[in-house]
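Computed over heavy atoms, backbone and side chain alike; hydrogens, waters and symmetry mates excluded. So that the names make sense, note that chain A is the first sequence line, chain B the second, and so on, each numbered from 1.
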Number of protein chains: 2
Amino acid sequence: MAVTKTVERTEAAPEYISIREAAERTGLTQRTLRYYEELGLLKPPARVSGGQRLYSPEDIARIKQVRRLKELLNFSLDEIKTVVDAEEAKQHLRADVKAERSLKRKLKQMREAAEITAHQLAMVEEKIAQMQAMKKELARDLAGFNERIQQVQQEIEGRGE
Amino acid sequence: MAVTKTVERTEAAPEYISIREAAERTGLTQRTLRYYEELGLLKPPARVSGGQRLYSPEDIARIKQVRRLKELLNFSLDEIKTVVDAEEAKQHLRADVKAERSLKRKLKQMREAAEITAHQLAMVEEKIAQMQAMKKELARDLAGFNERIQQVQQEIEGRGE
DNA sequence: CCACGCCTTAACGCTTACGTCAACGTCAGA
DNA sequence: TCTGACGTTGACGTAAGCGTTAAGGCGTGG
């Protein structure tokens, strides 16, 4: 019985925003938001009775996370999908924990979730290391330039040109 | 009088390598190397008399830099082109410095080069900062998971299940 | 009540960044 | 000298990631 979530539009929920606002706040376009939803990267947001999307703060947070995965870590949308699917699993297991079922099962699932998170963490750390190496190189270049600038400047002054 | 650079192929320069090796060492494909060259991201390498490309160690270094710009900083090839064009300018000015001309001119050019480098450095630093924020978030998540795992484990032991 | 603005889905278009032939030269070894 | 591996330049193909347009629904202010 697929119940379509709706929200009172009688100013009840001020934190719910239109796709326009969502796009502005996340730096993506409306088209991109719909596209990501279509791909399953974003779970379908709430709708008003008229059918228009209403994004919750959690939705916004998730959108920002997807964007970070893409822009910072350079993940493809496919890769992001596997990540968010994993996060879905996390949510489910949290619900499970609250619903109280087999503890061993939960333990296994939580370990998987932790492993995924650890993996992502490792990737981020690796990228940071690479970028710090790049930073060093650039800093060295810059120092070299500044040194030469000093030299040339002294030459000019010495000459009194 | 466009003189085509050539290199003795009588084993004279062991540091010069074929496009195959260049691709292997840089992690790009041969096609990509030719494509980048076509776009002006790489300066045309030396050739043997037969027309085959020979990459110098400097060429290889440049290729790796282009790759870093793409993969680490997520630059488009267009953006990379502006960067390498700027670096071209640096090289030219270095040649100028050796050729000894107007010192003031050189000074101005060197300042520009330094500015460009500083700009790139700033971008790298910003990305590092963003990624460290992301790292913190992930670390926090992971800690939360591990904590919960401990809890569940104790529950299991306490029960003697 | 109707015009205007914002939303919807569906479909096609387009750019980037290469992959993949095809057709042909080159070079080293048997 | 022939053969087979490797290289060359086009030219066309293609997947990802959206942009853009079409055709229409909803609701709100004048």
State which residues pass side-chain hydrogen bond (donor to acceptor under 3.5 Å, both in side chains) with [X]; sequence neighbours excluded, sorted by chain then number.
X      : value
A:T32  : A:T29
B:E58  : B:S56
A:E137 : B:R68
A:E71  : A:R67

Between [N] ([atom2]) and [X] ([atom1]): distance, integer Å:
X     : N      : atom1 : atom2 : value
A:I63 : D:dC18 : CD1   : C1'   : 16 Å
B:L39 : C:dC18 : CG    : C1'   : 10 Å
B:E24 : D:dC6  : CD    : C1'   : 12 Å
A:L41 : D:dC18 : CG    : C1'   : 13 Å

Considering just the side-chain nitrogens and oxygens of [X], establish if one lies under 4.0 Å of OP1 or OP2 belonging to [N].
X     : N      : result
A:S49 : D:dC26 : no
A:T32 : D:dG19 : yes
A:Y35 : D:dA16 : no

**Report entry** Residues which pass side chain to side chain contact (heavy atoms under 4.5 Å, CB included) with A:K108, listed by chain and number, not counting sequence neighbours
**Finding:** A:E112

Report summary line: Across all chains, not counting sequence neighbours, the side chain to side chain contact (heavy atoms under 4.5 Å, CB included) partners of B:L39 are B:Y35, B:L41, B:L77

Query raised in the report: Which letter, B, S or -, goes with each nucleotide of nucleotides 3-10 of chain C from 5' to 3', with contact meaning a protein heavy atom under 4.0 Å?
Result: ----SBB-

**Report entry** Beyond-backbone contact of B:Y36 with B:K70, side-chain heavy atoms, under 4.5 angstrom
**Finding:** yes

Query raised in the report: What are the residues of residues 64-81 of chain B, sorted by number, that bring a heavy atom to within less than 4.0 Å of DNA chain D?
Result: none

Requested in this report: For residues 116-128 of chain B, pull every pair meeting salt bridge (Lys or Arg N to Asp or Glu O under 4.0 Å), keeping only residues two or more places apart or in separate chains.
Outcome: A:K135-B:E125

